[in-house]
Amino acid sequence: MQQEKKVSRLRRPFVIGGAAIGAVLCGWYLYNNFGRVTPVPDPIWTRFVNLAVIMFLCIYLANLLRVALEFFLRRR
């Protein structure tokens with residue numbers, strides 16, 4: 001039989017925090033991409049890819065931060 005995997009109580013807040021930071025960064029990227037910094041905006045497919053990468057990285061890094069925090073809290 002398989003053991004049930006224990007889900008961390010910090011998982012949801014860190015994922016939500018990562019998604020919120022990702023949304024802010026996506027907004028910043030789109031704001032700067034529409035002519036404020038670059039004279040020619042990126043093609044539409046590049047924008048979609050960049051937005052997906054920004055969101056993925058923010059949520060992934062927030063999850064890594066959670067794992068590191070839980071590791072250090074367990075060691076104490």
*Locate the shortest heavy-atom distance separating Gly22 from Ile54; write the atom from each residue and the value.*
O-CG2, 3.9 Å
*What are the two closest non-hydrogen atoms of Asn50 and Tyr29, and how far apart are they?*
ND2-OH, 2.8 Å
*Taking the side chain as every heavy atom from C-beta outward, state whether Val15 and Tyr60 have any atom pair closer than 4.5 Å.*
no
_Using the rule that Ile, Leu, Val, Met, Phe, Trp and Tyr join whenever any side-chain heavy atoms are under 4.5 Å apart, tell me whether Ile21 and Val24 fall into a single cluster._
no
_Under 3.5 Å side-chain donor-acceptor pair for Arg66 and Asn63_ = yes
*Between atom CG of Asn33 and atom CG of Asp42, what is the distance when rounded to the nearest 0.5 Å?*
4.0 Å
*With the side chain counted from C-beta on, respond yes when Phe34 and Arg47 share a heavy-atom pair under 4.5 Å apart, and no when they do not.*
yes
*Going only through I, L, V, M, F, W and Y residues with side-chain contacts under 4.5 Å, is there a path from Ile16 to Leu65?*
no
*When rounded to the nearest 0.5 angstrom, what distance separates CD in Glu70 from CZ in Arg9?*
11.0 Å
_Can you give me the closest heavy-atom contact between Ile59 and Gly18, atom names plus distance?_
CG1-C, 4.0 Å
*Establish whether Phe14 and Phe72 are linked, either directly or via other cluster members, by ILVMFWY side-chain heavy-atom contacts under 4.5 Å.*
no
*Specify the closest pair of heavy atoms between Cys26 and Met55, including all atoms of both residues, with the distance to one decimal.*
SG-CG, 3.8 Å
*asked:* So Leu51 and Leu30, do their side chains get closer than 4.5 Å, heavy atoms only?
replied: yes
